[in-house]
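Shown next, in structure tokens, is the structure this report addresses.
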Amino acid sequence: MKKTLLLTAFLCTSFSLYAQDKKTAEECFKKADYKCAEEQYTKLAEKEQIQKYQSEYYNSLGTAQRRLGKTALALRSYDSALKANPLSAPVYANLASLHSQKGNKTKALEYISTGLSIDAENPEFYLTRSKIYDSQGKKDLALNDLKQILTFAPDNIYAKTGLANLKKNNGDLDGALKDYNQLISEKPESLLYNGRADVYFKMKKPKEALTDVNKAISIDPKFAHSYVTKALILFDTAKPKEACENLDRAVTLGYEKAILADYYAKCVVKPK
């Protein structure tokens, strides 16, 4: 009887500590402390025995590493997540996104195809594929993917902004601006102000662009993309020091530095 009670107490204590580790990892991620998140999710993934949960931890670990600019390690973590659970749609979505970012569009499309066979209503697959199609000049296919999202997720803000961005990328700045004005009137979110700031930037309206990007930052100071947008505006208005500071802020919040290499080249101090 005493052994049974001791075992029960041990299991309860272990479960409590385990739950605390998970909570700590999640809090680190929310605070954009990706180094802390990496450490916590590594512990969780290594000691988890249930494959489904182990896959989730490796997946979160990969994303934390990705935000830290550790692309090779992130890829390994995502691969470990997939081995633990070959039917995890979120892992396929992350692998597709990462390979697309690395320039391997063919591999990304393969992961998307497999992922869609598991979960045909995961917006991430269509969003990533739409961006790939757009980069390949396949505008109709890119448009179809975004519209497909709205058939099962009519309020998906990323699909709606994606439609506006397609217009922007195709040179229809007035059409994109109209779409963003409508979206902001319905739901004034950071993502939308940042998107409209980019449209204003491309319309050569830096004052309006800066106003919108500052609004985006005021709504969500942890939205890394806004700092990148602000940096581009500041570079264009001959304020490189402030621009570079905003790039650093974006990286601190998890934006991958490798993607910003061309912009960071402008931050190199030239010898006198």
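These numbers come from the heavy atoms of this one structure, side chains and all, not from hydrogens, waters or symmetry mates. Numbers here simply count residues along the sequence, with the first being 1.
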Hydrophobic cluster membership, with links at side-chain heavy-atom distances under 4.5 Å among I/L/V/M/F/W/Y: are [X] and [Y] in one?
{"X": "Leu191", "Y": "Val228", "answer": "no"}
{"X": "Leu232", "Y": "Leu210", "answer": "yes"}
{"X": "Leu192", "Y": "Tyr158", "answer": "yes"}
{"X": "Ile259", "Y": "Leu73", "answer": "no"}
{"X": "Leu253", "Y": "Ile219", "answer": "no"}

Closer than 3.5 angstrom, by distance alone: can the side chain of [X] be matched with the main-chain N or O of [Y] as a donor-acceptor pair?
{"X": "Asn170", "Y": "Leu166", "answer": "yes"}
{"X": "Ser88", "Y": "Asn85", "answer": "no"}
{"X": "Thr237", "Y": "Leu234", "answer": "yes"}
{"X": "Thr151", "Y": "Gln148", "answer": "yes"}
{"X": "Asn104", "Y": "Ser100", "answer": "no"}
{"X": "Thr161", "Y": "Ile157", "answer": "yes"}
{"X": "Asn144", "Y": "Asp140", "answer": "yes"}
{"X": "Tyr41", "Y": "Gly62", "answer": "no"}
{"X": "Ser218", "Y": "Lys215", "answer": "yes"}

Checklist line | Face-on cation placement of Lys139 at Tyr133 ring, 6.0 Å and 45° thresholds | finding: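 Geometry flag: not set, cation outside 6.0 Å or 45°.
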For the pair [X] and [Y], find out whether any cationic side-chain nitrogen is under 4.0 Å from an anionic carboxylate oxygen.
{"X": "Lys202", "Y": "Asp198", "answer": "yes"}
{"X": "Arg66", "Y": "Glu256", "answer": "yes"}
{"X": "Arg249", "Y": "Glu245", "answer": "no"}
{"X": "Asp236", "Y": "Lys204", "answer": "no"}
{"X": "Arg67", "Y": "Glu38", "answer": "no"}

Any side-chain heavy atom of [X] within less than 4.5 Å of one from [Y]?
{"X": "Pro240", "Y": "Cys267", "answer": "no"}
{"X": "Tyr78", "Y": "Ser55", "answer": "no"}
{"X": "Lys178", "Y": "Gln182", "answer": "no"}
{"X": "Tyr227", "Y": "Tyr255", "answer": "no"}
{"X": "Lys138", "Y": "Asp134", "answer": "no"}
{"X": "Asp174", "Y": "Met203", "answer": "yes"}
{"X": "Cys244", "Y": "Tyr263", "answer": "no"}
{"X": "Ile112", "Y": "Thr128", "answer": "yes"}

Which pair of heavy atoms, one from [X] and one from [Y], lies closest together, and at what distance?
{"X": "Leu150", "Y": "Asn156", "value": "CD2-O, 4.1 Å"}
{"X": "Ile233", "Y": "Pro206", "value": "CG2-O, 4.1 Å"}
{"X": "Gln40", "Y": "Ala25", "value": "CB-CB, 3.5 Å"}
{"X": "Ala93", "Y": "Glu124", "value": "CB-CB, 3.9 Å"}
{"X": "Lys31", "Y": "Lys222", "value": "CA-NZ, 3.4 Å"}
{"X": "Phe152", "Y": "Glu121", "value": "CE1-O, 3.2 Å"}

Check: Do any pairs count as a ring pair (Phe, Tyr, Trp, His ring centres under 6.0 Å) and have a residue in residues 162-216, sequence neighbours left out, and if so which ones?
Finding: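 Matches after skipping sequence neighbours: none remain.
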Reported [atom1]-to-[atom2] distance for the pair [X] and [Y], which is rounded to 0.5 angstrom:
{"X": "Arg76", "Y": "Ser80", "atom1": "CZ", "atom2": "OG", "answer": "8.0 Å"}
{"X": "Glu56", "Y": "Gln51", "atom1": "CD", "atom2": "CD", "answer": "12.5 Å"}
{"X": "Lys107", "Y": "Leu95", "atom1": "NZ", "atom2": "CG", "answer": "9.0 Å"}
{"X": "Ile217", "Y": "Thr229", "atom1": "CD1", "atom2": "OG1", "answer": "8.5 Å"}

Check: Just wondering, more than 12 heavy atoms not from Tyr264 lying within 6.0 Å of its OH?
Finding: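 Buried by this count: over 12 neighbours within 6.0 Å.
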Notebook entry, point to check: When you look at NZ of Lys168, are more than 12 heavy atoms from neighbouring residues, nucleotides or ligands closer to it than 6.0 Å?
Noted result: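 More than 12 heavy atoms, drawn from other residues, nucleotides or ligands, come within 6.0 Å of this atom.
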Check: In chain order, what residues pass the side chain to side chain donor-acceptor pair (under 3.5 Å) check against Lys43, with sequence neighbours excluded?
Finding: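 Lys43: no side chain to side chain donor-acceptor pair (under 3.5 Å) contacts found.
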Margin query: Can you confirm whether the side chains of Asn194 and Asp212 place a donor and an acceptor under 3.5 Å from each other?
Written below: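 Checked: Asn194/Asp212 side chains show no N/O donor-acceptor pair below 3.5 Å.
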Notebook entry, point to check: Do you see a donor-acceptor pair shorter than 3.5 Å between the side chains of Thr42 and Tyr57?
Noted result: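 There is no such pair between these side chains.
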Next item on the list: Applying side chain to side chain contact (heavy atoms under 4.5 Å, CB included) between Leu116 and each of Tyr126, Tyr111, Tyr92, report the one that passes.
Entry: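 Checked Tyr126, Tyr111, Tyr92 against Leu116; only one passes side chain to side chain contact (heavy atoms under 4.5 Å, CB included): Tyr126.
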Notebook entry, point to check: Out of Asn165, Leu177, Asp179, which residue meets the side chain to side chain contact (heavy atoms under 4.5 Å, CB included) rule with Val199?
Noted result: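 Answer after filtering Asn165, Leu177, Asp179: Leu177.
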Next item on the list: List the steps and the verdict of ring pair (Phe, Tyr, Trp, His ring centres under 6.0 Å) for Phe29 and Tyr34.
Entry: CA-CA 6 Å; Phe29 212 101; Tyr34 299 114; 5.2 Å; yes
